[in-house]
Amino acid sequence: MFLKTHKSYLERALVVIGLIAALALAVACAPAPAAPTSAAPPPSAPVPTSASIPTAPPPVAATSGPAATSAPAATSAPSAGAGTTFSIAEGVDPDTLDPMGQTTTTVQNMVNYMAEGLVTLDPTGKIQPLLAKSWDISSDGLTYTFHLQQGVKFHDGSTFDAAAVKANMDRILDPNNTVPLRGVLSAITSVDVVDPSTVKLTLKQPTAPLLAGLTETTAAILSPATIDKSTPGYKKVDHPVGTGPYIFKQYTKGSQLVVTKNPNYWGKKPYYDTMVFRIVPEAATRESLLLAGQVDMIILPPVSDIPALQKNPAVKVLLGPSDRTIFVAINTTSKPLDNPKVRQALNYAVNKEAIIKNVLFGAADVMDAPIAPTLFGYCKTGPYPYDPAKAKQLLSEAGVAAGTKLAFMSPTGRYVQDFQAAQAISGYLKDVGIDATPVTMDWPSYVATMLKPQKENTTQLHVLGWAPGYLDESQQILQFQSDQHPPSGLATSFYSNPQVDSLAKQALTETNETKRADLYCQANKIIWNDAPWIFLWVQRFPMVYSAKVTGIQGTPIEMWDTTNAHPAP
Amino acid sequence: MARYITQRLVIAVITLLGVSTIVFLMLHLLPGDPARMIAGLLASDQDIARIRIQLGLDKPLVVQYLLFLGNLLHGNLGISARTSDPVLTDVLQRLPATIELAVISTALATLVGILAGVIAATRPNTILDYVLSALTLFGVSMPVYWLGLMLIIVFAVNLHMLPAAGDDSSTSFILPSLTLAAFSVALIARMTRASMLEVLGQDYVRTARAKGMRENRVLLRHALKNAFIPILTVIGLQFGTLLGGAILTESVFGWPGIGLLLVDSIFARDYPMVQGIVLVFSTLFILLNLGVDLLYAYFDPRIHFA
């Protein structure tokens, strides 16, 4: 009945199943480049090579207005660039362009070209007016009154006003809508239209970081017609119809997002007519595109090539500041790591400077506090200098025998040179008698492993990066609060100190900025001394652009802004 | 013939059922919570719980499996967990780009591979044969990833001749197709050489030559046609592998095909999308195999389907 001369079909069917299974397995087990971006390294090479590990901005993070209207005015910038295009190659294919559904910094960054919020962050990380001209905060900190820009139109021609703000805020606050980064906005209990250009937010408790939360892309304001309750847009808009300097034109999944200049933009009009975001997951390919002159700018080149790119006169390297701290979280409930001396010893044991220079090619700065310097609440508490003798002494005082084994894991490709850095850290720990060989796994598995409840959690050391969505310590201290332990929270070192808990709680509702900064500073000192992490570095966010263009800025939350870009003179 | 095809299609359905079961189970065995991946690390417990219910992940595995099969019977591959768009729409939108690459590289590989194989087979153990053997060995062992980047550096960065990535220009397909074809060329050439050498030693080839037939006619009409069945098998299997090999090529070249989508979906634990892609891949693979089997009859009239 079947082919007379060849092996049975059943046999072949098995081969097909096997092939598919092997394919799926090989892909699943490949050393994990990060979820949103990145090319899988060949599955046959389980150990990452030194070059071209793409780095993915993790789905935790951030926003700013691309419109940086407060940026130093480029007075001499040409006023028009008819027919001109500016292309950017980046690694992340958007999961959604709906501001409300955002999780990933790079996607938020693209959305910011089209949609704006009431307030924004300037290139130094300060909160600035955007669609709100100004605001008043009541003395009890419970009422925020925003005075809105007038004469602003959405891309569909409708007028931006207080009713539009209310429609958007109500949508974001609807508990039936999925808003991953709702965060502090959930403190808002009601949104009231006072008059067409005034809107009032009422909070259930004083919430100091509320304005910071409003700078996030999540809170961008869209044309009410597109998000009406009766339209599918209420749950999810396909593309944002906002007030931004660029208008959505076309999105081809896996390929590119194209936006065009908003001729009626209320702020400073951009130079380039068209902005193209090309989705190129492989860092080395992005670099080639730039060097071949096929794009004007790339996000995240292969870090190992940064020194060569810096020497190349055809391009400019921007090592943008970031708020992403990279650290080794220490399970403070696991012996012998429950002893602060041991944790301090680990901090003294690692030569951070050497790793930054030789493994990260300079794309980071040593941490000298539990948070990045760009955050509100920062005060210098460190650093832990490289001192292996002191580390050994502390370990012996704590009674830790030489050759003690610790379980250590690190993601691969999630942060700049993460697994490579973990290997270097492991080497330094070996020098002081700690045996911690890093293992790696793909990101979803990694998250599942580190978020196991304390009783089942077997990790002792794990590499993690943390980038607050807005520049306020309230977003970082979550990592040190005892009510944030996994599985529901992300404080993966299971650190608890009642003093830190109480300081964090006070600071959240304290409305006096000086007092608030002081509360955080006290907490930072305690945390630094308790050392629930091996404090490593604050990552830089490398971007490279053609020397033929200028006016490109980075914001300290791993974003870029090219709305003021124009040809170099 | 019709009966044969029907039988094969029935078995194809059974195979697909097996494939989907394996994929379903494998995905659910992988650690990592899809709801957590979709909602983001900072999402509230309520958001995560709601997404879990939306995705049906709160139900027992058996129920989830039966629901999946039920939907499948209705031709419904579900909704992507990552983008909330219908899986089938996304897959069908991305599939043509992948098929385009696979078809072009298969055509290229077949043409070049057979030519190289025939040349090598007609001049066994000469310098030319050795050079071709060395080249094909190189092709088989070269990592796709590395070859792709080298081609980009030479043709896009240094010579400014071709686009480095994407599919937005009419010449965009050239580099990824070359990269994808390299491995198959080598395999097809080696198979052609071996198969041709075997056939060229047969009596009927000697007879054909003895009666004064022109060498080209001997080679193409008599030898190659008879040597073709194992070559065809390799080409068929290669085409299937190319669909898979596209995962790496598409990543290197930012080619918006289904391979890239598969990688994104696996890392997002987008169960419905991964299942959909694997099912579509498997269907193509099975149909392709059927096509190859039917072609056997053309090359070897002794084969009958009954």
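Contacts of L288(B) with chain A are absent, with no heavy-atom separation under 4.5 Å from either backbone or side chain. For K236(A), the part lying near chain B is the side chain, with the backbone staying farther off; criterion is any non-hydrogen pair under 4.5 Å. For a residue to count as touching a neighbouring chain, one of its non-hydrogen atoms must lie under 4.5 Å from one of that chain's; by this rule D98(A) does not touch chain B. Using a 4.5 Å cut-off between heavy atoms, I51(B) contacts chain A through its side chain alone, with no backbone atom that close. In this structure, chain B has no heavy atom under 4.5 Å from any part of E287(A). When heavy atoms are compared at a cutoff of 4.5 Å, S255(A) approaches chain B by way of both its backbone and its side chain. The contact between L289(A) and chain B is made by backbone and side chain atoms together, counting heavy-atom distances below 4.5 Å. With a 4.5 angstrom heavy-atom cutoff, L451(A) touches chain B only via side-chain atoms.
Residue with the most contacts toward chain A among I153(B), L261(B), D90(B): D90(B) (heavy-atom pairs, distance under 4.5 Å). Of the listed residues (I279(A), L290(A), N176(A)), the greatest number of heavy-atom pairs within a distance under 4.5 Å of chain B belongs to N176(A). Highest contact tally toward chain B, considering only D238(A), T178(A), T96(A), is held by T178(A) [criterion: heavy-atom pairs under 4.5 Å]. Ranking A165(B), P163(B), A156(B) against chain A, the residue ahead of the rest is A165(B), based on heavy-atom pairs under 4.5 Å. For the set G101(A), P180(A), A448(A), the count of heavy-atom pairs under 4.5 angstrom toward chain B peaks at P180(A).
A salt bridge links D442(A) with R269(B): at least one charged nitrogen is closer than 4.0 Å to a carboxylate oxygen.
Between the side chain of E216(A) and the main chain of T218(A), no donor-acceptor pair closer than 3.5 Å is present. Judged by distance alone, the side chain of R278(A) and the main-chain N or O of E90(A) form no donor-acceptor pair under 3.5 Å. Using modelled atom types, one side-chain atom of R182(A) and one backbone atom of I172(A) make a donor-acceptor pair closer than 3.5 Å.
Put simply, the side chain of F173(B) does not reach to within 4.5 Å of the side chain of D167(B), judged on heavy atoms. Within the 4.5 Å cutoff, the side chain of V278(B) has no heavy atoms near those of the Q275(B) side chain. Side-chain contact between E250(B) and L248(B) is absent, with no heavy-atom pair separated by less than 4.5 Å.
Between the side chains of Q256(A) and Y251(A), no donor-acceptor pair of N or O atoms lies under 3.5 Å.
Ring pair H28(B)/F24(B) is tilted by interplanar angle, where 30° to 60° counts as tilted.
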